[in-house]
Each structure stands twice: as C-alpha cells, then as structure tokens.
S.K.: 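Sharing a structure, written as structure tokens. Questions coming.
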Amino acid sequence: MRVSRLMLVTQRDVPAEAEIVSHQLLVRGGYIRRVTSGIYAYMPLMWRVLRKIKAIVEEEMDNAGALQTLLPQLHPSELWERSGRWQSYTAGEGIMFHLMDRQKRSLGLGPTHEEVITKIADEQIHSYKQLPVNIYQIQTKFRDEIRPRFGLMRSREFIMKDSYSFHSNEKDLGKTYKSMEVTYKRIFARCGLETVAVDADSGAIGGSASQEFMVTADAGEDLILTSKDGLYAANQEKAVSIPKEAILHNPSESKTISTPNQNSILELCSTNNLEPSQIVKVIIMIAILEEQVEQPLLLSIRGDQEINEVKVINFVAETINKQVIKLDQVNDEEKNRLKLDHIPFGFLGPDLKDNVLENISGWQKQFLRVTDHSAASLDCFVCGANVKDKHRIGMSWEKLGELTNKADIRKAQKGESCVHDPTMKLEERHGIEIGHIFQLGRKYSKSLQATFTNEQGQEEAFWMGCYGLGITRLAQAAIEQHHDEHGICWPLPIAPFEAVIVVINMKEPIQEEISGNIYKAMLAKGIDVLLDDRSERAGVKFKDADLIGIPWRIVVGRDAANGKVEIVQRVSRETLLVDSEQAIQRILQEKLSK
RNA sequence: CGGGAUGUGGCGCAGCUUGGUAGCGCACUUCGUUCGGGACGAAGGGGACACAGGUUCGAAUCCUGUCAUCCCGACCA
C-alpha cells in the first residue's frame, strides 16, 4: 500500500477526550474515530490490526478443535426471558440495548451469546455421542455501558471472540477449559503481550472455576495480586493471603472501659494505647436479595483488616442460597431515615442482639452473622460493648458465646504472605482484562432446558463452559504495553504493516527506482509493506512512521546512489546500512520467526 | 444514577469578568524558497460560537431550560 493512497491523517495535538496513552495514540495515529460516546469507527489501519489479531485467534481456536460460526446480533426477548436475564439486563442494569420491531416484538442487541448458542445446541445436539463441541464467533457485541471510557477499552460497541463449549460431564468440561487456558496463553504470546492469568470470582455467573487474563499495564482498571515465584495470581476480589500476626492483647482482667466519642479504630487505639490488630471491628451491611428482601449482616473482622465485599456477597449467596443483587453500607442518611439511633454504631460487638432489628422497617429481623478468620483466630481482643461510648477489653469468643459462621471475607493486600508459601509476599499490579474463561456448569442449560440424552438413555442438561476474549480491547492493551514517547511500537505479528519504505526525496530518480523495486520485491515475498511516496519532507515521514508504529523502516535516501539503504527497527532504533536485498531478507527472517 | 467539569472550523485553544456580530496554533488550498527528524514566506478556503427560549437597539459573552461530551464511584471482554 502506498501512503499517498492510505487516507492517513495523523494529528499532532492530543484530543482532550483521550485520557490514557493508548487511546491518545490511536486517535493521533488516525486508527479510530469516535462517532458518539463509546462508539468508534475502525479506520483502515485499525482494521488491519484487528484482522491480524482475529487471524491469530482463529488459527489457535481452530487448532484447539473449536468451530467458528457467526451468530445473530438481534436476539428475541423471549430467549432472554427464559434464562431470566431480560429484566436485569434491560430494566435493571440496563446494559442491553433493546428495541421493538414493527410487529411490536421486543428484541435486544446481543451483549453476549449464551442464550442463542444454548438454544441452537439444544436443537442440534441430542446425544452424548455428539459431545463435546466448542463453538465460537468473532463479532460485534453491544453493551450500553454505564460509563464508556478510554476509547476501545470500554466501548459500547466492540469486537469480541466468544466461545461456548458443551459437554456430557463435568470432567470433560474441565479438559476443554484447560485446553482453552493453554490456547489463550498461546494467543497472547503470539500477539506479543505479557499477560497474567489470575483466579477470578465467578460469583454471579456461577460455576466452579474461572480465570481472567490480564495484560499488565499501569492504566489497567483492575488490581491483581501476584507472587514473585509466579505460582499465585488472583484479582483483588478473589485473592487470599495470610494477614500479618496480630499483636498480643493480654490485659490482667476483662472489663468494660469508657471510650467517649472514640467510634473509630484509630481514635480507640491512640487514646487507649491499643493496636488495630487487637480489636474486633464489627460492621453492619445490608444485602439486597431477590424480591427486594433486605438482609442485615453483622460482619466481624480484625481491626487492621478490610472487608472484601465480593467475598461477602458470595458467602451470603451460598449460605442462604439466594441471589444477592447488591450490598449496601449503612450511611448516615439511612441511619436517619430508618431511625437507627438505638444501634450504637462505632461501639458494636459481635454479640449484638437481634432485637435491635425489631422496629426497623424493611429489614429482616435476624442478622446473618459472619466472622472473618482474622478475627475468629484471636484468643483475646477488644470489641465494642454494644453501648454508646463503651468498649470491652480482654474479651474472648467463649465469653461472647459461640461463633456462628466463620469465613474469609477479608481483602488481601500487597505485602502479605502468600498461602502457598508464607515466605512469598503478595505484589500488587494493575491489569487490563482481555480474556475470561469460565466453567459455567449447568446454570444456563438448566434454565433454558437444553438437554441431551446420556449413555444411560436419560435426559440431562449440558455441562457448559464459556470463553471470552476482547479483540478490540486486546489491540488497545497492546499499545498500552508497547509504546514510547514517539508513538506506538506494534509487536510484529499484529502490526498493520510490517515495514514501511520511506523515500527521502521522491524527485530523485534513483531513490524512486530503488524504493519501487524494494516495494515490489517485498510484496512478492508476502511482506505487508507500506511505501511512503508522499512528497513530504523526510522529518514528517519519520514522525508518522514512528507514530503509527510500523516495526521496521527502510530508508531510501542519500546512500541510494551506492545501492545502500537503511534498515531501522522501531522499538530499539537500531540502524543498519545494507544492500536492499539484505534489508528484504532481514525483515522476511523476522516475520518468519514470529 | 450520584459527585465534578466542559461545550467556539478536522484537532488543540483564546475571547465571556467589563455585551457592539469571531481570533490564534496545527491541519487544508495555491505560489515561491527549502528538503534526513513534524520547514519558511506570501496569498486563500472553512465556524451565524451545542440547542431552545429570554433580557437588550444589539448576545459567543448576561439569565433560564434542554442536550451532549469528559472525569471520579458500582458494571464488564
């Protein structure tokens, strides 16, 4: 392709709307144009990048035995009503774009394809003999994101590879799940990305296992915790660790002390010469369940630790076997509205009686009590006395009465010891989630009544897995990982062009001839090459080549008369003066080695 | 949805306080000089200032409302 024909429009100024460097470079390099909030046009350069990523994904998925399809983007609402997601995806979360057709039938634009694919699997697969299958598609998905941002990182229309596997038993699902993990790692490695696979929360979607693939980058919105030996990685919602040792609390007697206005751990400690780890902190939260049931929770945790709300939600959902819509703290407004003055916030103990709930409208009348292991393992501690301005020292669980539920509801933090090896400390990094694999189990197949006949001749719901991979997000994440002050440095396998020939002076016949020959020769060898034939000054061409990030540059200039050209690597800036034939060979070599 | 900010040619901005009918840099067009790291000079083209009301002889500027975009929180590939 000749640059003069490429519709290349680069910008010197950074658009005000672009916050992170990858977004800025995509806009400045003319890769994308915003059409409206969260909706982008992929310009010719961008489309080439996306096609290369798609090709790699397709190759690896096909190698893993997956089958490519293309599924509809308009989904009938009935299908989503059957899985129980229509309400929450349209009215509730509102993440699903929906519309009426002229027949007044309700349709939605697919944010994901579980419903459609499960329906098709049900219609097409009748016997265990047809299993397993793994079906995938790469296409545009729609999500009416609450807050689109960072260009393609979180857009409302985006390209995703999504696959779904169907199995006759859980073990077989595990096998495909594992093979997808390997496939994903190969895909990311081939795209030149450094990724970390982390244990993830499968929470609301359910299932037994789930892994996220994170591109490590400072601009990432997710926090991940890893161990240096590479044996442990998890996102913050799921991460576990061993908290630091508590400081021994061992007063001569247990008694109630007066602690006027000391309703925070900090004040309590500084006034009474205590350590946060000697205190059991008690927090009331409200879990909103299905049908607007409001379940009060009484959470106890060591004073120096923090609550992990996702773990709390999972615990509640498991314990009472109901879906948790969300978790709320009790704020001041609510304290006033519900007239909670009789509850001595700031002075609560784990033995707070249920009778404080008697006159609170809307709440269930019994606490669901949970004690985090960090608190449960304390032999002797300080806690609130359930009376304003009073705490108790030298307390123990025996004195308070038996503990009901113990669970891990604690937020793991960097610097804490790893569970698999206490000498290892957790490190914190930011990541961009570009892939997520799940063992769904039978949740969707059951709700959609998608079944097959098993070996015993009985109807059984499919075991399912699902495997997402954000194509457009991956492209931008790659820039986040591969750029410098001059622009993008695409990894060769996903670069829009592998090389660019910069002709210093188009009016010089020798330069024009040599560059033309190299161009033709490279095309003949299958190299994706750009010929910058514009009558721009050299500086402009160099700047543009750097900005759009072509991995190799061949400069045809002052040495052309001697049959020499320069070959420059974008990332390292290494420059070699060689014959044109050598330049072609070098790039061909690089291409084939990837 | 809650909190904050901003809307002026394709991009970045000034003008608004103290109303008088729009300006700068980049980009674009033409000519000349230049020509290995975003050249210089000259001459041009393009915007009724987000929209709708109002105040006024007169509104980008003041008032009211609406809309859009961006940033901070819950959601997610």
Side-chain angles (χ1 to χ4, degrees), chain A residues 9-20 23-24 27-28 30 33-39 57 88-89 92-96 111-113 138-163 184 200-201 203-205 212-215 221-222 235 237 309-310 313 325-329 331 333 431-438 466-477 486-487 502-508 511 534-547 553 555-560 566 568 573 575:
Chain A
V9 183
T10 57
Q11 281 169 201
R12 203 185 297 223
D13 293 314
V14 180
E17 66 186 34
E19 180 85 354
I20 60 175
H23 184 194
Q24 295 172 350
V27 176
R28 283 191 52 211
R33 290 289 300 172
R34 192 179 70 88
V35 174
T36 183
S37 175
I39 297 182
V57 171
S88 66
Y89 269 59
E93 293 293 327
I95 200 119
M96 192 167 181
T112 174
H113 283 72
I138 297 176
Q139 63 191 84
T140 298
K141 309 251 171 175
F142 300 87
R143 288 185 197 169
D144 193 0
E145 289 287 344
I146 298 163
R147 182 145 95 87
R149 59 181 143 169
F150 302 148
L152 306 182
M153 284 297 187
R154 184 191 302 273
S155 50
R156 299 196 295 167
E157 187 179 322
F158 58 99
I159 301 174
M160 182 172 154
K161 190 283 300 179
D162 216 1
S163 48
Y184 271 39
D201 176 65
I205 298 184
E212 289 173 353
F213 293 85
M214 311 292 255
V215 171
E221 297 183 75
D222 297 293
N235 71 17
E237 296 168 351
E309 298 192 5
V310 174
I313 288 174
I325 311 288
K326 66 176 189 174
L327 197 63
D328 279 336
Q329 309 220 4
N331 56 29
E333 188 190 317
I432 300 161
E433 182 187 353
I434 55 170
H436 199 160
I437 60 177
F438 286 95
C466 81
Y467 319 92
L469 194 162
I471 303 284
T472 39
R473 184 181 278 187
L474 187 154
Q476 191 173 334
H486 305 287
V502 174
V503 192
I504 297 297
N505 186 355
M506 278 305 285
K507 290 185 195 125
E508 194 73 57
Q511 293 187 19
R534 294 175 297 174
S535 56
E536 290 286 351
R537 297 158 59 87
V540 173
K541 298 187 186 188
F542 291 153
K543 290 284 184 199
D544 276 344
D546 286 350
L547 175 62
R553 186 174 83 203
V555 184
V556 182
R558 57 192 161 217
D559 300 301
E566 269 168 47
V568 186
R573 313 230 128 203
T575 304

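By convention in this document, chain letters (A, B, ...) are assigned in the order of the sequence lines, proteins followed by strands, and residues within each chain are numbered from 1.
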S.K.: Rounding to a whole Å, what distance do you find between A/R154:CZ and B/A74:C1'?
M.R.: 10 Å
S.K.: How many whole angstroms separate atom CG of A/D544 from atom C1' of B/A27?
M.R.: 12 Å
S.K.: Can you tell me if A/T36 touches the phosphate of B/U69, counting only side-chain N or O atoms and a distance under 4.0 Å to OP1 or OP2?
M.R.: yes
S.K.: Name the nucleic acid region contacted by A/S163, choosing base, sugar-phosphate or nothing; use a 4.0 angstrom heavy-atom cut-off, strictly under.
M.R.: nothing
S.K.: Keeping A/E566 on the side-chain end and A/V555 on the backbone end, is there a donor-acceptor pair under 3.5 Å?
M.R.: no
S.K.: Nearest whole Å is fine: how far is B/U69 C1' from A/R147 CZ?
M.R.: 12 Å
S.K.: Between atom NZ in A/K161 and atom C1' in B/C76, what is the gap in whole Å?
M.R.: 16 Å
S.K.: Rounded to whole angstrom units, what separation is found between the CZ atom of A/R149 and the P atom of B/C75?
M.R.: 11 Å
S.K.: Under 3.5 Å, side chain of A/K541 to main-chain N/O of A/I504, donor-acceptor pair present?
M.R.: no
S.K.: In whole angstrom, what separates A/M153's CE from B/C71's C1'?
M.R.: 17 Å
S.K.: Expressed in whole Å, how much space separates the P atoms belonging to B/C28 and B/A22?
M.R.: 26 Å
S.K.: How far, in whole Å, is B/U33 from B/C51 if one measures between their C1' atoms?
M.R.: 48 Å
S.K.: Please work out if A/T10 contacts a base, only the sugar-phosphate, or nothing of the nucleic acid, heavy-atom cut-off 4.0 Å.
M.R.: base
S.K.: Provide, to the nearest angstrom, the distance between the CZ atom belonging to A/R34 and the P atom belonging to B/U69.
M.R.: 6 Å
S.K.: Which of the following nucleotides, B/G38, B/A77, B/U69, is nearest to the side chain of A/R143?
M.R.: B/A77
S.K.: I need a per-nucleotide contact map over nucleotides 31-37 of chain B, read 5' to 3'. Cutoff is protein heavy atoms under 4.0 Å; write B for the base, S for backbone only, - otherwise.
M.R.: ---BBBB
S.K.: Over how many whole Å does the gap from A/E145 atom CD to B/U69 atom P extend?
M.R.: 14 Å
S.K.: Report yes if the side chains of A/E17 and A/R34 come closer than 4.5 Å at any heavy-atom pair, otherwise no.
M.R.: yes
S.K.: Heavy atoms, side chains only, cut-off 4.5 Å: are A/E536 and A/K543 in contact?
M.R.: no
S.K.: Return the nearest nucleotide to the side chain of A/I146; candidates are B/A74, B/C70, B/A77.
M.R.: B/A74
S.K.: Name the pairs: protein N/O against N/O of nucleotides 7-16 of chain B, kept only if under 3.5 Å.
M.R.:
residue: B/C11; atom: O2; partner: A/D13; partner atom: OD2; Å: 3.4
residue: B/G12; atom: OP1; partner: A/A16; partner atom: N; Å: 2.8

S.K.: Using the C1' atoms only, state how far B/A59 lies from B/U21, rounded to an integer number of Å.
M.R.: 9 Å
S.K.: State the pairing partner of B/A39; accept Watson-Crick or G-U wobble contacts with both distances under 3.5 Å, and report none otherwise.
M.R.: B/U33
S.K.: So, under a plain 3.5 Å distance rule, would you say the side chain of A/R156 forms a donor-acceptor pair with the base of B/C76?
M.R.: no
